Amino acid sequence: MKTVDLTTGRVQSVILALALPLVGSSLLQFTYSLVDMFWVGALGSDAVASIGAASFYIMLGQAIQSLLVVGAGIKVSQAVGRRDQQLIQRYVKAGKRGNLVLGLFFLTLLVAFGQTMIGFLNMNAPTVERLAYSYLLVSAPMLLFSFFNLLYARIFSAFGNTTTAMRINATGVTLNMILSPLFIYPLGLGVLGAGLATLVANAVMFGFFWHRARALFDWEETVEPVRADYTEIVRLGFPMATQRVLFTVISIFLARMIGSYGTEAIAAQRIGLQIESIAYMMIGGLNGAIASYTGQNIGARQIERVHEGYRVTTHLGMLYTGLITLVFLFFPDVLIRAFVDDPSTIEIGASYLRIISVSLIFASLEMIGNGYFSGLGLPKIPATISIVFTVARIPLAILLEPYLGIDAIWWSIAISSIVKGLVSALFVRLKKKEVTSLAEAI
């Protein structure tokens, strides 16, 4: 496979060259999400709430799958830094095989227990629950394709090749944007149509990823993974997967609290999350870039480049999220009103954006630190930080709710994000002297 060497060249240029295709992929997905929300929003708050409810369990599946995406990504990037082709091949194959088993397991879980999962959210709205379950059933096979798309994108990124994934994502997002309104309205499928469009788009993307991977992974001799390869991937991926699963589970419990304020509240958060994702386009791209960049440079024992890469990336992340913070603080009503005209939904959604905006700069510190520690092969540090302070959201929300109402939930999210960002930056400083010994141990 063609490898982009991240161990040479001007650091800022390397980081941006690696991050921009990832940001481009996120931008495409963000554009689709907004367009899709516009079409679904026209069906009413119940339709938006049903997709929002089902989406929690889709995120749960992707969180579980990060066990393999993160672990394989770390090991492949470090093997690329060492120029060890046989080791690269073993980790790529181990990641793909484990991914298939995990994908089939979660697909079966959604089909068998989907109704129970939707019922747990306590929405007390039979129509919304029925729509959510139908969307979840269509999303079950979609997730199997999505699992492989995410894994391929992360492995390509480990090679410094983020452009291929961006092009494939662009194809899938464009197809989704075309099919979604057709399935929702002319075919009269409503919420189910939105799910079917996403299923078709992910299946097409998988076909492109699979075809491209066969051409890119052109090894002269075949090497099979050993049991230790699977163990190492799981060992490295487990902390981050635990963090993401717990984050999603906490979100589900908070959604249960939000549900007690009505379907308008669920719809408001769903729209707010989609708008908020504009901040995470850049942060997510920088997260993936610093993980691959750090992995290659630590594998090549380029210690100063590792430190400089973190500094450059955090500056870029803070600058971008600072601008988004100003937009969310001063124009939240305008943003929410673009998707719904229900006054209650607009009011709740605008309050969500205002409160969340104060934490965005700190969220960038957490996510960039997450990628940095993953590249170093120390995923337990960001996982522990995230687990401790994400769990704190529930008691904090319960404590504040008698005084702030639904805003207590938004403040619990914002406060925990601020603390996580500060603690992550502190640990980067504390672990700075250990980077040399980590490089020597690889």
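Nothing fancy with the numbering, it's 1 onward along the sequence. All values below were derived from every heavy atom in this structure, side-chain atoms included, with hydrogens, water molecules and symmetry-related copies excluded. Computed from a prediction, not measured in an experiment: that's the story for all the values here.
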- Query: Is there any salt bridge (charged side-chain N to carboxylate O under 4.0 Å, His left out) pair reaching into residues 276-296, and which pairs are they, with sequence neighbours excluded?
  - Reply: none
- Message: Among residues at least two apart in sequence or on other chains, which ones pass salt bridge (charged side-chain N to carboxylate O under 4.0 Å, His left out) with Asp333?
- Response: Arg354
- Measure from the side-chain N and O atoms of Tyr293 to the backbone N and O of Arg305, and report whether any donor-acceptor pair falls under 3.5 Å. yes
Contacts under 3.5 angstrom, residues 165-174 side chains, donor-acceptor by atom type, not counting sequence neighbours:
unit_1 : atom_1 : unit_2 : atom_2 : d
Asn169 : ND2    : Ser25  : OG     : 3.2
Asn169 : ND2    : Ala165 : O      : 3.2
Thr171 : OG1    : Arg167 : O      : 3.1
Thr174 : OG1    : Ala170 : O      : 2.7

- Message: Suppose we call two aromatic rings close when their centres sit under 6.0 Å apart. Are Phe120 and Phe56 close by that rule?
- Response: no
- Under 3.5 Å, side chain of Ser277 to main-chain N/O of Gln274, donor-acceptor pair present? yes
- Message: Tell me if a side-chain donor or acceptor on Ser424 pairs with a main-chain N or O of Gly421 at a distance below 3.5 Å.
- Response: no
- May I have all residue pairs that pass salt bridge (charged side-chain N to carboxylate O under 4.0 Å, His left out) and include part of residues 282-297, sequence neighbours excluded? none
- Query: Is a side-chain N or O of Ser157 found less than 3.5 angstrom from the main chain of Ala153, in a donor-acceptor match?
  - Reply: no
- Please report the C-alpha distance between Tyr185 and Trp39 in whole Å, then the side-chain angles of each, then the deciding distance to 0.1 Å, and finally whether the ring pair (Phe, Tyr, Trp, His ring centres under 6.0 Å) criterion is met. CA-CA 9 Å; Tyr185 293 105; Trp39 294 116; 5.8 Å; yes
- Kindly say whether Ala47 contributes a backbone atom to a donor-acceptor pair with the side chain of Ser50 at under 3.5 angstrom? yes
- Task: Not counting sequence neighbours, which residues clear ring pair (Phe, Tyr, Trp, His ring centres under 6.0 Å) with Tyr91? List them please.
- Result: none
- Query: Distance-only, no hydrogens or angles: does the Ser292 side chain make a donor-acceptor pair with backbone N or O of Ala289 under 3.5 Å?
  - Reply: no
- Side chains of Trp410 and Ile258 in contact at under 4.5 Å (non-hydrogen atoms): yes
- Side-chain touch Ile252/Tyr57, heavy atoms, less than 4.5 angstrom: yes
- Query: Would one find more than 12 heavy atoms of other residues, nucleotides or ligands at under 6.0 Å from atom CZ of Phe253?
  - Reply: no
- Task: May I ask you to decide if Gly114's main-chain N or O and Tyr133's side chain share a donor-acceptor pair within less than 3.5 Å?
- Result: no
- Item | Reported CG-to-CD1 distance for the pair Asp46 and Ile266, which is rounded to 0.5 angstrom | 9.5 Å
- Item | Leu286/Met367 under side-chain contact (heavy atoms from CB on, under 4.5 Å): CA gap, chis, key distance, verdict | CA-CA 8 Å; Leu286 293 174; Met367 287 191 65; over 6 Å; no
- Is there side-chain contact between Asn287 and Ile368, with heavy atoms separated by less than 4.5 Å? no
- Query: By salt bridge (charged side-chain N to carboxylate O under 4.0 Å, His left out), which residues pair with Asp229, not counting sequence neighbours?
  - Reply: Arg90
- Heavy-atom neighbours of Gln62 CD exceed 12 at 6.0 Å: yes
- Message: Could you check whether any side-chain heavy atom of Ile336 comes within less than 4.5 Å of a side-chain heavy atom of Ile348, counting everything from C-beta outward?
- Response: no
- Test item: Val11 and Arg311 side chains (from C-beta on) under 4.5 Å apart, heavy atoms: no
- Please lay out, stage by stage, how Phe156 and Leu151 fare under the test side-chain contact (heavy atoms from CB on, under 4.5 Å). CA-CA 9 Å; Phe156 287 4; Leu151 180 66; over 6 Å; no
- Message: Once rounded to the nearest 0.5 Å, what's the spacing between atom CE of Met318 and atom OG1 of Thr325?
- Response: 10.5 Å
- Query: Going from CD on Gln296 to CD on Gln78, what distance comes out if it is rounded to the nearest 0.5 angstrom?
  - Reply: 10.5 Å
- Message: Can you list everything that forms a side chain to side chain contact (heavy atoms under 4.5 Å, CB included) with Ser139? Sequence neighbours excluded, please.
- Response: Ile58, Tyr135, Met142
- For residues 95-108, which residue pairs qualify under salt bridge (charged side-chain N to carboxylate O under 4.0 Å, His left out), counting only residues two or more places apart or in two chains? Arg97-Glu224
- Query: Do the ring planes of Tyr310 and Tyr372 sit parallel (below 30°), tilted (30 to 60°) or perpendicular (above 60°)?
  - Reply: tilted
- Message: Just so I know, are the side chains of Val48 and Thr345 near enough to count as touching, which here means a heavy-atom distance under 4.5 Å?
- Response: no
- Side-chain donor-acceptor pair present, Ser351, Asp407, cut-off under 3.5 Å: yes
- Ile406 versus Tyr352: any side-chain heavy-atom pair under 4.5 Å? no
- Task: Would you kindly say whether Arg393 and Ser417 are connected by a side-chain donor-acceptor distance under 3.5 Å?
- Result: yes
- Query: Within the side chain of Ser359, is there an N or O that forms a donor-acceptor pair under 3.5 Å with the backbone of Ile356?
  - Reply: yes
- Task: Dump the intermediate steps for side-chain contact (heavy atoms from CB on, under 4.5 Å) on Val428 and Phe373, then the final yes or no.
- Result: CA-CA 8 Å; Val428 170; Phe373 283 118; 3.8 Å; yes
- Would Leu107 and Phe147 satisfy side-chain contact (heavy atoms from CB on, under 4.5 Å), going step by step from the backbone distance to the final call? CA-CA 11 Å; Leu107 185 156; Phe147 276 16; over 6 Å; no
- Calculate, to the nearest 0.5 Å, the distance between atoms CZ and CZ belonging to Phe339 and Arg270 respectively. 11.0 Å
- Item | Arg154 CZ to Ser66 OG distance, which is reported to the nearest 0.5 Å | 9.5 Å
- Query: Can a donor-acceptor pair be found between the side chains of Thr164 and Asn161 at a distance below 3.5 Å?
  - Reply: yes
- Message: Tell me every residue that passes salt bridge (charged side-chain N to carboxylate O under 4.0 Å, His left out) with Glu232, counting only those two or more places apart in sequence or in another chain.
- Response: Lys75, Arg235
- Any side-chain heavy atom of Phe328 sitting closer than 4.5 Å to one from Ile278? yes
- Closest heavy-atom contact between Ala63 and Thr248? CB-OG1, 3.8 Å
- Where Val191 and Leu131 come nearest, the two heavy atoms and their spacing: CG1-O, 4.0 Å
- Message: Using 0.5 Å steps for rounding, measure from the CG atom of Leu404 to the OG atom of Ser412.
- Response: 10.0 Å
- Using a cut-off of 6.0 Å, state whether more than 12 heavy atoms not belonging to Phe247 lie near its atom CZ. no
- Item | side-chain hydrogen bond (donor to acceptor under 3.5 Å, both in side chains) against Arg256, all qualifying residues, sequence neighbours excluded | none
- Examine distances only and state if a side-chain atom of Asn99 and a backbone atom of Leu68 form a donor-acceptor pair shorter than 3.5 Å. no
- Item | Gly309 to Thr313 - nearest heavy-atom pair and separation | O-OG1, 2.6 Å
- Item | salt bridge (charged side-chain N to carboxylate O under 4.0 Å, His left out) contacts in which one or both residues fall within residues 360-370, not counting sequence neighbours | Glu366-Lys420
- Could you tell me which residues satisfy ring pair (Phe, Tyr, Trp, His ring centres under 6.0 Å) with Phe362, sequence neighbours excluded, listed by chain and number? none
